[in-house]
*Asks:* 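First, the structure itself, so that you have it in front of you.
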Amino acid sequence: MAMATPHHRCYKITQLPYFSLYSHRESNHQMSDTTTFHKFDVFLSFRGLDTRRNLISFLYNELIRRNIRTFKDDKELERGRRISPELVRAIQESRFAVVVVSVNYAASPWCLEELVKIMDFENKGSITVMPVFYGVDPCHVRRQIGLVEEQFKKHEDREDHEKVLSWRQALTNLASISGDCSWKWEDDSKMVDEITDKISKRLMIDTTRSNGSDLVGIDAHMKALHRLLDLNSKKTVRVIGIWARGGNGRSALAKFVYQNICQHFESHCFLESVKRISQDRQMSHLHEEFMIRIQGECLSKLRLKNQKVLLVADNVNKLEHLDALAEDFNCFGPGSIVIITTQDKQLLISSGIKLVYEVELLRFQKVRGLFRQLAFKERDVSAAFELALYRAANVAMEWLGCLRGRSG
């Protein structure tokens with residue numbers, strides 16, 4: 001497999017500062033937030049009549065292109081029907097709600113019922129609401145004057161008084177949140193870029209916190225990696241290896257890099273745990289996964305030849321994995337980057353990857369202090385024991401990797 005690059009450059013660091021840990025109670029709370037409740041990154045609330053074929057179409061496609069999991073419901077609620085539990089669950093399981101208030105938004109009982117649910121979750125702190133005022137004045141929405149006032153008068157003639165009051169309050173609360181206004185932008189595409197940029201940055205911050213805390217020392221790692229990445233290069237595909245023992249830190253670093261730079265590419269893909277994807281399957285399955293997961297303007301393998309593509313393949317443990325992936329990335333366009341993460345240094349050498357970022361040791365900080373804090377509180381003994389087992393398993397895996405390396 002011809003993947004060699006002209007010059008061998010290898011950056012070493014003795015320790016990858018990992019995540020500092022919250023207290024056990026905070027850690028459990030965060031774990032439930034990120035794994036149980038956040039099935040979607042973004043929930044889109046909008047009036048289809050006004051925005052389905054313009055703003056929402058552009059926004060949804062751009063969010064998907066950036067690998068941001070987005071829920072978009074095109075159905076309108078028939079008068080008298082209640083919002084389904086599935087829709088409420090989709091709101092609850094989203095990190096962000098982008099609420100596009102358009103000319104006819106407040107005229108729709110469906111939109112207002114949905115908004116009440118969104119603002120309820122916002123009030124509980126479980127979702128971040130981002131208003132977008134599309135062709136309407138936020139002041140008119142907040143004060144409910146002009147056309148909005150006329151729309152609510154019609155609701156008052158048809159609906160229960162208490163229900164209309166809840167709609168009014170939800171709309172007032174929404175319009176009190178700082179948001180984007182369409183009149184500030186020359187066209188929809190620029191506003192869409194601004195909205196998706198904000199969401200991408202917030203998601204990147206949330207991702208680094210999702211495993212316990214901010215990545216410690218990430219700036220130093222990114223500075224070293226940027227020298228290898230050379231994002232302004234117009235040359236052929238650059239293949240970069242990230243080698244480290246211990247999968248958690250390596251994967252976290254790879255995901256952080258991916259989220260930081262993916263917007264520089266026309267198409268991009270993050271393959272989580274290649275080892276798991278290919279387990280007990282043909283290597284052709286990797287290609288299928290790649291084509292399913294790639295985000296952006298790609299329509300076919302042929303189309304990729306002229307595109308600048310980013311591919312991050314995490315936890316690669318066999319040369320066959322690289323051979324299978326090479327069939328795809330050898331056809332990427334100029335300026336494309338492929339990042340391979342592994343704990344097998346020999347695999348990178350055998351495959352001819354010359355640009356390697358090495359992390360000598362992965363370890364958790366503050367584990368000893370945390371264990372002491374937990375172990376001597378009777379109500380937390382089981383939690384401390386569970387944590388100790390998890391950490392012991394992690395350390396054992398690192399040492400096994402180390403021993404294998406020595407015996408090889």
*Asks:* Working to the nearest 0.5 angstrom, can you tell me the gap between Ile242 CD1 and Leu225 CG?
*Replies:* 5.0 Å
*Asks:* Is the backbone of Val309 close enough, under 3.5 Å, to the side chain of Ser267 for a donor and an acceptor to pair up by distance?
*Replies:* no
*Asks:* Verify, without hydrogens or angle tests, whether Ser166 (side chain) and Lys163 (backbone) share a donor-acceptor contact under 3.5 angstrom.
*Replies:* yes
*Asks:* Which value, rounded to the nearest 0.5 Å, describes the distance between Ile337 atom CD1 and Leu355 atom CG?
*Replies:* 10.0 Å
*Asks:* If you define the side chain from C-beta out and look only at heavy atoms, does anything of Thr70 sit under 4.5 Å from Tyr60?
*Replies:* yes
*Asks:* Locate the shortest heavy-atom distance separating Arg250 from Ala244; write the atom from each residue and the value.
*Replies:* NH1-O, 2.5 Å
*Asks:* Looking at Asp193 and Arg66, what are the two nearest heavy atoms and their distance?
*Replies:* O-NH2, 4.1 Å
*Asks:* Using only heavy-atom distances, determine whether the side chains of Thr172 and Gln144 contain a donor-acceptor pair under 3.5 Å.
*Replies:* yes
*Asks:* So, for Pro131 and Ser178, which heavy atoms are closest and what is the spacing to 0.1 Å?
*Replies:* CD-O, 3.7 Å
*Asks:* Quick check: closest heavy atoms across Ser351 and Leu319, and the distance to 0.1 Å?
*Replies:* CB-CD1, 3.8 Å
*Asks:* Do the non-hydrogen side-chain atoms of Met222 and Val257 ever get within less than 4.5 Å of each other?
*Replies:* yes
*Asks:* If we ignore hydrogens and angles and just use 3.5 Å, is the side chain of Arg238 paired with the main-chain N or O of Leu228 as donor and acceptor?
*Replies:* yes
*Asks:* Does a side-chain N-to-carboxylate-O contact under 4.0 Å join Arg202 and Asp41?
*Replies:* no
*Asks:* What I'd like to find out is whether the side chain of Thr196 reaches to under 4.5 Å of the side chain of Arg65, using heavy atoms alone.
*Replies:* no
*Asks:* In Å, rounded to the nearest 0.5 Å, how long is the span from CD of Glu159 to CG of Leu165?
*Replies:* 12.5 Å
*Asks:* Return yes if some donor-acceptor pair links the side-chain N/O of Ser94 with the main-chain N/O of Ala97 below 3.5 Å, else return no.
*Replies:* no
*Asks:* Identify, with sequence neighbours excluded, every residue that meets side-chain hydrogen bond (donor to acceptor under 3.5 Å, both in side chains) alongside Ser176.
*Replies:* none
*Asks:* Ignoring hydrogens and geometry, is there a side-chain-to-backbone donor-acceptor pair from Gln151 to Val103 under 3.5 Å?
*Replies:* yes
*Asks:* Taking atom types as modelled, find out whether Asp344 and Thr342 have a side-chain donor-acceptor pair closer than 3.5 angstrom.
*Replies:* no
*Asks:* Given the rule in the side-chain contact (heavy atoms from CB on, under 4.5 Å) test, do Lys72 and Val98 qualify, once you have shown the distances and angles that lead to the verdict?
*Replies:* CA-CA 10 Å; Lys72 177 170 73 79; Val98 176; over 6 Å; no
*Asks:* To the nearest 0.5 Å, what is the distance between CG on Leu310 and CZ on Phe265?
*Replies:* 4.5 Å
*Asks:* My understanding is that only residues two or more places apart in sequence, or in another chain, count here; which of them pass side chain to side chain contact (heavy atoms under 4.5 Å, CB included) with Ser57?
*Replies:* Asn61
*Asks:* Going by side-chain hydrogen bond (donor to acceptor under 3.5 Å, both in side chains), name the residues that satisfy it together with Asn232, two or more places apart in sequence or in a different chain.
*Replies:* none
*Asks:* For Glu86, look at atom CD and say whether over 12 heavy atoms of other residues, nucleotides or ligands are found less than 6.0 Å away.
*Replies:* yes
*Asks:* Quick one: pull up CG in Leu311 and NE2 in His268 and give me the separation to the nearest 0.5 Å.
*Replies:* 12.0 Å
*Asks:* Measuring only between side-chain heavy atoms, which start at C-beta, is Leu59 closer than 4.5 Å to Phe46?
*Replies:* no
*Asks:* Nearest heavy-atom pair of Val274 and Ala313: which atoms, and what distance?
*Replies:* CG2-CB, 3.8 Å
*Asks:* Could you tell me if the side chain of Phe58 sits less than 4.5 Å from the side chain of Asp187, heavy atoms only?
*Replies:* no
*Asks:* Restricting to non-hydrogen atoms, name the atom on Gly135 and the atom on Ser182 that form the minimum distance, rounded to 0.1 Å.
*Replies:* N-OG, 2.8 Å
*Asks:* Taking the six-membered ring of Trp243 (Phe, Tyr or Trp), confirm whether the NZ or CZ of Lys345 is under 6.0 Å from its centre and within 45° of its axis.
*Replies:* yes
*Asks:* Are any non-hydrogen side-chain atoms of Glu114 and Ile91 less than 4.5 angstrom apart?
*Replies:* yes
*Asks:* Check whether the side chains of Tyr105 and Thr51 place a donor and an acceptor atom closer than 3.5 Å, and report yes or no.
*Replies:* no
*Asks:* Within the 4.5 Å heavy-atom criterion, are Val356 and Ile349 side-chain neighbours or not?
*Replies:* no
*Asks:* Would you say the side-chain atoms of Asp137 pair up with the backbone N or O of Phe133, donor to acceptor, closer than 3.5 Å?
*Replies:* no
*Asks:* With Val316, which of Leu348, Leu322, Leu271 fulfils side-chain contact (heavy atoms from CB on, under 4.5 Å)?
*Replies:* Leu322
*Asks:* Using 4.0 Å as the upper bound for N to carboxylate O, is an ion pair formed by Glu113 and Lys117?
*Replies:* no
*Asks:* Answer yes or no: is there an ion pair linking Asp180 with Lys198, defined by an N-O contact shorter than 4.0 Å?
*Replies:* yes
*Asks:* In Å, rounded to the nearest 0.5 Å, how long is the span from CG of Leu55 to OG of Ser189?
*Replies:* 10.5 Å
*Asks:* Would Leu171 and Val141 satisfy side-chain contact (heavy atoms from CB on, under 4.5 Å), going step by step from the backbone distance to the final call?
*Replies:* CA-CA 7 Å; Leu171 197 61; Val141 176; 3.7 Å; yes
*Asks:* Take Arg142 and Cys139 through the test side-chain contact (heavy atoms from CB on, under 4.5 Å) and record every step on the way to the result.
*Replies:* CA-CA 5 Å; Arg142 184 171 60 254; Cys139 182; 4.1 Å; yes
*Asks:* How far apart are the C-alpha atoms of Asp314 and Phe270, what are their side-chain angles, what is the distance that settles it, and do they pass the side-chain contact (heavy atoms from CB on, under 4.5 Å) test?
*Replies:* CA-CA 8 Å; Asp314 183 40; Phe270 187 92; 4.1 Å; yes
*Asks:* Distance-only, no hydrogens or angles: does the Glu266 side chain make a donor-acceptor pair with backbone N or O of Lys308 under 3.5 Å?
*Replies:* yes
*Asks:* Please state whether the rings of Phe71 and Phe40 are parallel, tilted or perpendicular, taking 30° and 60° as the class boundaries.
*Replies:* perpendicular
*Asks:* Is there a donor-acceptor contact under 3.5 Å from the side chain of Arg47 to the main chain of Ser102?
*Replies:* no
*Asks:* Please answer whether the main-chain N or O of Phe256 pairs with a side-chain N or O of Asn260 as donor and acceptor at a distance below 3.5 Å.
*Replies:* yes
*Asks:* Looking at side-chain heavy atoms only, is the closest gap between His321 and Ile340 below 4.5 Å?
*Replies:* no
